[in-house]
Each structure stands twice: as structure tokens, then as C-alpha cells.
Protein chains: 2
Amino acid sequence: MFIELDLQSEVPIYKQLADQLIEGIASGTLSSGQPLPSVRTLAADLGINLHTVNKAYQALKQEGFLEIHRKQGVIVQPGALPTADSAFRERLGRDLRPLIAEAVARGMKENELQTLMTALYGQVQNPSSQGGTST
Amino acid sequence: MFIELDLQSEVPIYKQLADQLIEGIASGTLSSGQPLPSVRTLAADLGINLHTVNKAYQALKQEGFLEIHRKQGVIVQPGALPTADSAFRERLGRDLRPLIAEAVARGMKENELQTLMTALYGQVQNPSSQGGTST
DNA sequence: TATCTGTTATACTATAAATATAACAAGTAG
DNA sequence: CTACTTGTTATATTTATAGTATAACAGATA
């Protein structure tokens, strides 16, 4: 698993980390039950604070993507992954709406957005179609 | 034009305002050259501070959606609206990616996302298909 | 000249993000 | 049992953003 952080980004570090872990789950790079580094180890590897890693882990635990045990540490949800229930769909709609609105205001056609979405969907499912020649 | 703010939302007020103005432009509710309320008037109407309104106006001016003059005040871009250039498309992709990734992780199929996108596209283009029975 | 416009400046409060240390509690390996 | 690693909790500090509050300035106009 390859984590890349941009410390200068306006996107909070903990969110960048959480996003990339979700991408790992979405692509299968992180498989069910797989252990993740301890908060201290990952923090040291990334050069950030342990609490920042913990914040990302807690957010994903809250959503149901991770399980956290005493000594075992953190593992990818070994059971059923969270689903796209109505609560998630509502949140997704609220988040997508302003992005789509600006695209419309800028004259993007519906099929252009569909094409972009399809491309992103593919990139997320198959990470090798993106930058990484890695493990 | 109907502006609704949620002061309890985690989304900043100035961004809610900017988003709704962009939606107005996208739907045609706000037409080219149309004057907007002064920062003081709109602030008073919405019960917020003049600087918060100004921040939204400035952001949209920066993007090219608004023009601001001395006494005329603020008007919707009378010339060509900003386009979906490569810079915008890159930003859009970066913003969409984590949303799509979580949808994938939650098992949403590509055509479900397409359907959602189409629905939102329609809502943005035609605001009357949403909540408002208003002017 | 008086008024309305955006603009700038300053100050203050509140909150979020990130870091830094330290300590605690629960498992586990020796 | 002891030592170690785990997540967890608690404080404290720094920095940046968001929002408000006042005040004043400069340009355009009626």
C-alpha cells in the first residue's frame, strides 16, 4: 500500500490518509481482514503525528471500514463492508451537487461528466491504470 | 433567487452561499448581467456578516462568474462564462475521486453512479424539479 | 453634497488541524 | 510474572480558517 501525502494541500492530512485507505479497499489492494500498521509505525513512516493517523483510523472505524482490537491492532473490516445505504446516498448527493453545478455552469455536457465518472471509476477499481508500478 | 443557509452545517457559510449562486447561474435563475444584492443588503437579508457575503462574491469574481463595479455593484458575468478548461477538469477530478472511491468501496455499481449523476444534473439544470414551489 | 457602492483595516472569538508529551489499560510473548 | 506493543485518553500549544463587529476610505451617482 502506497500512501502519498501533500502536507501543503488544503485537504487535511487525516482526510488524505483516510481517502487513500478507502481507495485501497475499493481497489482490493487492501483485502478483508488485512492488518494495517500501528498508529505509531504509520505515523513514523509518513513523518506525521500519531494522533493524525489515529484520527483517520477512528473515522474509518466509525464508518465500518476498519476494526480495531487491543493488541492485534487495526485490520480491514473482516466481515461485510459498509453498504451504499440511503444515508450514504444522501451524503453523496449533497457532496456531488455543488461539483456538478459548477460543471454545468461551465458548460459541461452530461455525457462529458459521465465519461469523467467512468474514467475515475476505472482508476479506483484498477489502481495500476494510474501512476503506480508498485506493489 | 432563493438562498437557504444552514448555520449549523460543517460547510462554511460563504461556501454555501457561493454554491447556491453557482447553481443559480447553472440553472439560468441568475441570467447574464443580472444584478445581485449589495454585500450589505444580502448580509442583512440572510442575517450574516457583510464580510461573509463579500468572501463568497470575491471567490466567484475570482473564478469569473461575477463582475464587480464601483457603484453598479455585483452582476452576473455579462460576457462569456468561465469554461470547463483543463485546470477545472483536474480540480473536478481530484474532488470527485474520493467520493467515487467510497461509493465503489460500498459496492455501488457504475450504472448506479451514472443514474445519480444524471439525476443531479437534471436537478441543477431545472430547479423546479427540486423542493421549490417558489419564484 | 449626500448617499450608496465595494474595499480595506483592525480586532476579537470560536473552531479545526496538527503536533508534542505523557500516561494508562489491555493483551501477548518471553 | 515481566516486558513490550497495542490502542486510548488527557493536556497543552501552535497555526489557520471562519465568522463577526466596527470603522473608515474611495469611487460613482443622484
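Because only heavy atoms are used, hydrogens play no part in the values below, and waters and symmetry mates are left out as well, while side chains stay in. Each chain gets a letter, A, B and so on, in the order the sequences are listed, and its residues count up from 1.
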Practice task
Select one nucleotide: of C/dA17, D/dT20, C/dG27, the one nearest the side-chain heavy atoms of B/Ile48.
Solution key: D/dT20

Fill in the blank from the handout: When rounded to whole Å, the CD1 to C1' distance for the pair B/Ile13 and C/dT15 reads 13 Å

Problem - Phosphate OP1/OP2 of C/dT7 contacted by B/Lys71 side-chain N/O (<4.0 Å) - result: no

Completion exercise
Closest to the 5' end of DNA chain C, once B/Ser38 and A/Gly47 are matched to their nearest nucleotides, is B/Ser38

Problem - Distance, nearest 0.5 Å, that separates OH of B/Tyr121 from CD of B/Gln123 - result: 13.5 Å

Practice task
Select base, sugar-phosphate, or nothing to describe what A/Lys15 touches, counting heavy atoms under 4.0 Å on all strands.
Solution key: nothing

Problem - Interatomic distance, A/Glu67 CD vs D/dG7 C1' [rounded to whole Å] - result: 14 Å

Exercise for the section: In plain terms, say whether A/Glu10 and B/Arg94 are close enough for a salt bridge, that is, a side-chain N and a carboxylate O under 4.0 Å apart. Expected result: no

Practice task
Identify whether any heavy atom of A/Tyr57 sits under 4.0 Å from a base atom; if not, whether one sits that close to sugar-phosphate; answer base, sugar-phosphate or nothing.
Solution key: nothing

Exercise for the section: Would you indicate which nucleotide in D/dT22, D/dG27, C/dT19 comes nearest to any side-chain atom of A/Asn49? Expected result: C/dT19

Exercise for the section: Spell out, as yes or no, whether a donor-acceptor pair under 3.5 Å connects the side chain of A/Ser27 to the backbone of A/Gly24. Expected result: yes

Practice task
Please determine, for the side chain of A/His51, which listed nucleotide (C/dG6, D/dT8, C/dT21) has the closest atom?
Solution key: C/dT21

Exercise for the section: Take atom CD1 of A/Ile68 and atom P of D/dT5, then tell me their distance rounded to the nearest Å. Expected result: 20 Å

Exercise for the section: Measure from CD on B/Gln16 to P on D/dA18 and round the result to the nearest Å. Expected result: 13 Å

Exercise for the section: May I ask you to say what B/Glu10 touches in the nucleic acid, namely base, sugar-phosphate or nothing, with a heavy-atom cut-off under 4.0 Å? Expected result: nothing

Problem - Side-chain N,O (A/Asn54) to OP1/OP2 (D/dT8) below 4.0 Å - result: yes

Exercise for the section: Report the distance from atom CG of B/Leu5 to atom P of D/dA18, rounded to the nearest whole Å. Expected result: 15 Å

Problem - A/Tyr14 vs C/dA17: side-chain N/O to OP1/OP2 distance below 4.0 Å - result: yes

Problem - Side chain of B/Pro12 (C-beta onward), nearest among C/dT19, D/dA18, C/dT28 - result: D/dA18

Handout entry: B/Lys55 vs D/dA18: side-chain N/O to OP1/OP2 distance below 4.0 Å
Key = yes

Problem - Distance-only donor-acceptor test, A/Arg40 side-chain atoms vs D/dT8 base atoms, 3.5 Å - result: yes

Problem - Check: A/Ser31 side chain, A/Gln34 main-chain N or O, donor-acceptor pair, under 3.5 Å - result: no

Practice task
To the nearest Å, give me how far apart CG (A/Leu17) and P (C/dA17) are.
Solution key: 14 Å

Practice task
Indicate yes or no: does A/Lys15 engage A/Asp19 in a salt bridge with an N to O separation below 4.0 Å.
Solution key: yes

Practice task
Taking only the side-chain nitrogens and oxygens of A/Thr52, find out if one of them lies under 4.0 Å from OP1 or OP2 of C/dT19.
Solution key: yes

Problem - Among C/dT7, C/dA26, C/dT28, the nucleotide that comes nearest once only the side chain of A/Gln72 is considered - result: C/dT28

Exercise for the section: Round to a whole Å and report the spacing from NE2 of A/His69 to C1' of C/dA25. Expected result: 17 Å

Practice task
State whether the side chain of B/Glu112 and the backbone N or O of B/Lys109 hold a donor-acceptor pair below 3.5 Å, judged by distance alone.
Solution key: yes

Handout entry: Whole-Å gap separating P (C/dG6) and CG (B/Leu66)
Key = 11 Å

